[in-house]
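Atoms within each ligand, like the ligands themselves, are counted from 1 in listed order.
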Amino acid sequence: MSTTQPEGDGTVRRGFSTRAIRAASRAPRVDQSPTTVPIYLSATFAAGDADELSEVSALRVPGYSYSRIGNPTVTALSDAVAELEGAEAGFAFATGMAAIHGALVSLLRAGDRLVATRTVYGSTRSLLTSILASFGVDVAFVDATDSGAVEDALAAAPTRVLYAETIANPTTNVVDHAALAEVAQCHGARYVVDNTFASPYVCRPLELGADLVVESATKYLSGHSDAMAGVVCGARPLIDEVRRVQIDTGATLEPLAAFLVLRGVQTLAVRMERHAQTALALAAWLERQDGVQRVAYPGLPSHPQHAVAARQFRVGGGMLAVELEGGREVGPAFIDALSVPELTASLGSVHTMVVHPPTTSHRQLDDAGLAEAGIGPGLLRCSVGLEDLEDLIADFDQALGVVRGSAVGTGSGSRPGAGSGSRPGTGSGSRPGAVPATAS
Ligand SMILES: Cc1ncc(COP(=O)(O)O)c(C=O)c1O
């Protein structure tokens, strides 16, 4: 039965459902600018006429038609990160891996060669060796902290892309962007950098000569472990190619996630300052403890690339790597003995997170792959959060005590105090030892 009825004046009054859909889809006109970017939670945007829809859909005129092609909240995030990275343009993706995939696929064709640093995030290594290689990309690895070795690798065969991480996951090795960008340019390769461990507050690779910067915005940019996103930044013609790949592969960022990352970006500087201050103090303290074989933190003078970090970084970042005496058994036992960090495998959050890369972030690598990447069996990766330094030191201190004692390999595996809020060893409030106030 039709619900459409003629009005007394002859106009047709539409049915209830038609009126409800139209009435509830009408956005109010807003003449004053909102002070936060609205969440445009709409898959579709209506054009004025068919011609405009066609022009906007084909990217011939600016505008929005369909959220896989473009969404205003997502554009706001892309533009904000591009500005902070010192880039002409940026494009946001659903995750960091989608951003890395989009950037690389925009540059590579079957038969091309890519040279990557041997220490990269596990999924990135897998993307290169399992996925891109299966489409005919020739992948070679090199120690990118050695610019001479990179020069040799690029001289060995024509290379389309040189790929590195500003601070390598998980070893915290630091590459010299200015030197690598120059080598890449001399050999006609594009230099692509994953800046996730640093964030644009700590380092801006494009200003040091990189062609594209990729970043998991799931980490420091959002900062609260509540959103997943990725961003690619660079010169506009390169980003236009990246966008073309994304439109047809579809790793679209949700507007709500874009909003959450935008909120995080506003406090990036204060968070990174505090992450770095606590990480430096914790690293300096750890270096002096029994049972700790090696600590790698770019802000420490003992870091092998400290001088490069001092030149390129504003602060030392929030990531450190620790090798405990006792090898593979000890790392997971130490993690189980901690109670302040969240037992999870991400980074760049308000929460401190300690992981054992061979069994989490780099689980895709076999023993040979781990050795090639410089990841020892007992290596731990620590993303230092925003908790109080005294609580972290007390917690790390008691966990070191547990693994130094007889508990390794015999304990139940339960985390003392986890969930109960108790923090073993806290209470003294003392800050052991003098530590430098700021990182390089
Ligand atoms: C250095 C680095 N790059 C990229 C990624 C991928 O980010 P996402 O999890 O947002 O895809 C990660 C994830 O841990 C990472 O550590």
Exercise. Distance to 0.1 Å, residue and atom name: give those for the protein heavy atom nearest to atom 11 (O) of ligand 1.
Key: Met97 N, 2.8 Å
Quiz item: Which heavy atom in Ala82 sits nearest to a heavy atom in Ala89, and how many Å separate them?
Solution: CB-C, 3.6 Å
Quiz item: Please state which protein non-hydrogen atom is closest to atom 3 (N) of ligand 1 and give its distance, to 0.1 Å?
Solution: Asp194 OD2, 2.6 Å
Practice problem: Indicate yes or no: at least one non-hydrogen side-chain atom of Leu53 is less than 4.5 angstrom from one of Ser65. | Solution: yes
Self-check item: Short N or O distance, Thr218 and ligand 1, threshold 3.5 Å exclusive
Solution: yes
Practice problem: Say whether, by atom type as modelled, one donor and one acceptor occur between the side chain of Asp112 and the main chain of Arg109 under 3.5 angstrom. | Solution: yes
Quiz item: Should Cys203 and Arg314 count as side-chain neighbours, where that means a heavy-atom distance under 4.5 Å?
Solution: no
Exercise. Mind listing the closest non-hydrogen atom pair of Ala229 and Leu253 along with its distance?
Key: CB-CD1, 3.6 Å
Quiz item: Is the centre of the Phe334 ring less than 6.0 Å from the centre of the Phe396 ring?
Solution: yes
Quiz item: Quick one: which ligand 1 atoms are inside 4.0 Å of a heavy atom on Gly96?
Solution: 7 (O), 8 (P), 10 (O), 11 (O)
Quiz item: What about Lys219: any of its N or O atoms under 3.5 Å from an N or O on ligand 1?
Solution: yes
Exercise. May I ask you to identify the nearest protein heavy atom to atom 9 (O) of ligand 1, giving residue, atom name and distance to one decimal place in Å?
Key: Met228 CE, 3.6 Å
Exercise. Give the atoms of ligand 1, by number and element, whose distance to some non-hydrogen atom of Ile100 is under 4.0 Å.
Key: 4 (C)
Quiz item: Any side-chain heavy-atom pair from Asn71 and Tyr66 closer than 4.5 angstrom?
Solution: no
Self-check item: Flag, side chain of Asn195 to backbone of Ala198, donor-acceptor distance under 3.5 Å
Solution: no
Quiz item: Which residue and non-hydrogen atom of the protein lie closest to atom 15 (C) of ligand 1, and at what distance in Å?
Solution: Tyr121 CG, 3.6 Å
Self-check item: Close approach, Leu347 and ligand 1, non-hydrogen under 4.0 angstrom
Solution: yes
Practice problem: Examine ligand 1 and decide if any of its atoms is less than 4.0 Å from a heavy atom belonging to Val214. | Solution: no
Exercise. Considering heavy atoms of the protein only, find what lies nearest to atom 16 (O) of ligand 1 and give residue, atom and distance to 0.1 Å.
Key: Asn169 ND2, 2.9 Å
